[in-house]
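Here's the structure we're looking at; comments come further down.
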Amino acid sequence: MRVSRLLLVTLRDDPAEAEIASHKLLIRAGYIRRVASGIYAYLPLLWRVLQKISAIVREEMDGSGALETLLPQLQPAELWQRSGRWAGYTAGEGIMFHLCDRQGRELGLGPTHEEVITSLAADLLRSYRQLPVNLYQIQTKFRDEIRPRFGLMRGREFIMKDAYSFHGSEECLRQTYAAMDGVYRRIFQRCGLRVVAVEADSGAIGGSASQEFMVTAEAGEDLILTSSDGLYAANQERAVSLAPPAVPLPGGMRLSGAGEPLATPDATTIEQLAAGHGFDPTQVVKVLLLLARFEDGLRQAVVISLRGDQQLNEVKLVNALTARLGAAHGTLLSIEPLSTDLARELRQKEGIEIDPAALPLGYLGPDLEEGALVDRRGLAEPAQGMARGSGARLATTVLRLTDATAAALTAFVCGANRPGHHRVGVSWEGLGLTPDVVDLRACQAGDRCLHDPSQTLSAVRGIEVGHIFQLGRKYAEALEARYTSESGQEETLWMGCYGIGVSRLAQAAIEQNHDNAGLNWPVAIAPFEAIVVSASAQDPQQVSLAESAYDRLRQAGIDALLDDRDERAGVKFKDADLIGIPWRLVVGRGAARGEVEVVFRADGHRRDLPLDQALEVLISAITASRSGLGDSA
RNA sequence: CGGGAUGUAGCGCAGCUUGGUAGCGCACUUCGUUCGGGACGAAGGGGCCGCAGGUUCGAAUCCUGUCAUCCCGACCA
């Protein structure tokens, strides 16, 4: 390809819309253009990169025995209603674009394809003899992200490789899951990425085991915690660890664990309480009052007890609530602090009366009375003027969950459930409570590891480029995907699913491979492997030598670009660096002697060589590094 | 959705406080000189000043509304 024909439009200034390096460079170097928020045109250069990544993904997936397919993006609501995900994905903060066709039928634009593939599996898979199968596709996905960000990093339309495997047993699923783990590591290695595999939360997709593949980069949206011995790595959402030991409360229990009252005006936070009254935060039980909203209208007050120095991990909380109430009440739509504002909103929009004045916010204790937080009237009567038919109703009991760090305290300080007062020397028995213990704390860098308390966790930021799940039978059950086993029994299929964000991966590669001059693609996914630049477009000798170098590179099967523009050498060099072509062959002053210069973009290393030798060097270096495997230059 | 910011030529920005009919750099076109790290000179082209309404003799500028984009939080490949 000739640069003059490439529609190469590069910019000198950083675009105002971009924040992180990779996003700025994608725009500046002419790889993408924004069409709307979170929606981008992939320009010819980027499309070549995406094709190369896709080719690697295909080779590795095909090599593992997976079958490529292409599934519809337009999906009937009915399919999603059967899996129980329609409401969660469309209502409220749902991320599925959905629409009605001319007959008034509801359709969704696929954010993922579990439903479609599972219903197909139910159709096609009948016998254990057909198992296992692994189907994948590389396709555009649509997600109405709450906040699209950072260019291709979090787009509303993006390219994803998703694979779904079906099995006759959990054991077989585990084998494929393990195989995909290996396939993924190879794919990322071939793409030239430094990736960490971490234990992950399975989120809205569901299922049991799941692992994310994180490109380590400062711009990453996730926090990864890893042990120094390399044996443990997890997403913070999921991570487990040992909290620092608590400082024992002097004097222990008081008044048989009922606690001694302490006047604490203006001490509504742990910091104020600790600073004002000489307590260590680990001696305090912090109580959070939250309200969970479920799909069926249930509004559940939740009282969380945490040790004062600990932070709530919301993902763990959502999982705990879903595990306890999801089956009976549907998707958990939201969980938020029960503030005065929320109480007002509840009264106005849902006809639910919670008197904020009755809530001693800032002075809550784990034994907070249910009083105002539950529905004591039986079925709630809709108040006049509120949203009709919302069906919102308050639960009849309060759910109390206690993190293990708080449950382990034998004598602690906590709020007295009346403004301006705490209690000192409280015990769980003294409160008449048996803690319902759940792991709810957010792990931090510096925490000790569970597998070896002498190891500590450290934190790195990461960009999630892949995620593999053992889904189990959740979707197969919902969509009645069964097969006949060897013994003639009808059995539900076991499922796994495996995703790679292809377009995100391209940008993550830039985040890891760039410098002040521009991009610096790994050879395996570079849009072109080499660029031939003649220093002067006026010098016929240089031009013809450049042409012949370009032809010979192409004949040798190299993806070569020829900068044939009548620009000054500096402009062409700057552009070559900016768009990040790994190898540059400069035809300049030495042209008269048949000499050219070979430049390696990554380290700027250059050498003058006769053309024949230069081509040889280039061709062997490129063919050696093309696979992305091994220790190429 | 809540909090913050910004919309002026393809890109980056000034002008707005104090209303008087739009400017700078880059990019683009033509000519000349230059030619190994984003050249120089000359001459050009390009703007419903996000949109709608209002105030005013007069609005990029003041007021109201609205839309869009970006950043911080909840979502995820």
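Every heavy atom of this structure was used, including side-chain atoms; hydrogens, water molecules and symmetry mates were not. Letters go in sequence order (proteins before strands), and every chain restarts at 1.
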For this session: Examine distances only and state if a side-chain atom of R299(A) and a backbone atom of F294(A) form a donor-acceptor pair shorter than 3.5 Å.
Result: yes
Exercise. Given atom CG of D563(A) and atom C1' of rG37(B), what is their separation to the nearest angstrom?
Worked result: 13 Å
Exercise. rG10(B) base to R28(A) side chain: any donor-acceptor pair below 3.5 Å?
Worked result: no
Exercise. Can you find an N or O donor on one side and an acceptor on the other, under 3.5 Å apart, linking the side chain of E597(A) with the base of rG36(B)?
Worked result: yes
Exercise. Ring-on-base stacking between F573(A) and rG36(B), under 5.5 Å between centres and under 30° between planes: is it there?
Worked result: no
Exercise. Are R143(A) and F158(A) in a cation-pi setup, meaning NZ or CZ lies under 6.0 angstrom from the ring centre and within 45 degrees of the ring axis?
Worked result: no
For this session: May I ask you to verify whether the side chain of R504(A) and the base of rC76(B) hold a donor-acceptor pair under 3.5 Å?
Result: yes
Problem set entry | Whole-angstrom distance between rA52(B) and rU61(B), as gauged at atom P | 12 Å
For this session: Describe the nucleic acid contact of D14(A) in one word from base, sugar-phosphate, nothing, applying a heavy-atom distance below 4.0 Å.
Result: sugar-phosphate
For this session: Go ahead and name the base partner of rG46(B); Watson-Crick or wobble counts if both distances stay under 3.5 Å, otherwise write none.
Result: none
Exercise. Tell me: CE of M160(A) to P of rC76(B), nearest whole Å?
Worked result: 12 Å
For this session: If rA52(B) has a Watson-Crick or G-U wobble mate with both distances under 3.5 Å, name it; if not, just say none.
Result: rU64(B)
For this session: Could you tell me which nucleotide pairs with rC1(B) by Watson-Crick or G-U wobble geometry, both distances under 3.5 Å, or answer none if nothing does?
Result: rG73(B)
For this session: Whole angstrom is fine here: how far is it from CZ in R34(A) over to C1' in rC11(B)?
Result: 14 Å
For this session: Please check the phosphate of rC70(B) (OP1 and OP2 only) for any side-chain N or O of S37(A) closer than 4.0 Å.
Result: yes
Problem set entry | R601(A) bridged to D515(A) by N-O distance under 4.0 Å | yes
Exercise. Under a 3.5 Å cut-off for both distances, is rA9(B) Watson-Crick or wobble paired, and to whom?
Worked result: none
Exercise. Once you round it to whole Å, what is the distance between P of rG2(B) and CD of E336(A)?
Worked result: 13 Å
Exercise. Are Y498(A) and Y184(A) near enough that their ring centres are under 6.0 Å apart?
Worked result: no
Problem set entry | Backbone N/O of Q236(A) and side chain of N313(A): donor-acceptor pair under 3.5 Å | yes
Exercise. What is the distance, rounded to the nearest whole Å, between atom CD of E567(A) and atom C1' of rU34(B)?
Worked result: 13 Å
For this session: Please report, rounded to the nearest Å, how far the C1' atom of rC76(B) is from the CG atom of L505(A).
Result: 15 Å
Exercise. Between R147(A) and rC72(B), is there a side-chain N or O to OP1/OP2 distance below 4.0 Å?
Worked result: yes
For this session: With a 3.5 angstrom cut-off on both distances, give the Watson-Crick or G-U wobble partner of rG41(B), or none if there isn't one.
Result: rC31(B)
For this session: Ignoring hydrogens and angles, answer whether the base of rC76(B) and the side-chain atoms of R154(A) contain a donor-acceptor pair closer than 3.5 Å.
Result: yes
Exercise. What nucleic acid atoms does G588(A) come within less than 4.0 Å of, heavy atoms only: base, sugar-phosphate, or nothing?
Worked result: base
Exercise. Below 3.5 Å, does any donor atom in the side chain of R584(A) face an acceptor in the base of rG37(B), or the other way round?
Worked result: yes
Exercise. Start at the 5' end of RNA chain B and walk down; is the nucleotide closest to A18(A) or to E145(A) reached first?
Worked result: A18(A)
For this session: Verify the contact: side-chain N or O of R33(A) to OP1 or OP2 of rC11(B), cut-off strictly under 4.0 Å; return yes or no.
Result: no
For this session: Write down the distance separating the C1' atoms in rU8(B) and rC51(B), rounded off to the nearest Å.
Result: 14 Å
Problem set entry | Of the listed nucleotides rA77(B), rC71(B), rA27(B), the one nearest the side chain of R12(A) | rA27(B)
For this session: Determine: side-chain N/O of R568(A) to OP1/OP2 of rA39(B), distance under 4.0 Å, yes or no.
Result: yes
For this session: Hey, can you tell me if W583(A) and F600(A) have their rings parallel, tilted or perpendicular (30° and 60° cut-offs)?
Result: tilted
Exercise. For the base of rC75(B), is there a side-chain donor-acceptor partner from D144(A) under 3.5 Å away?
Worked result: no
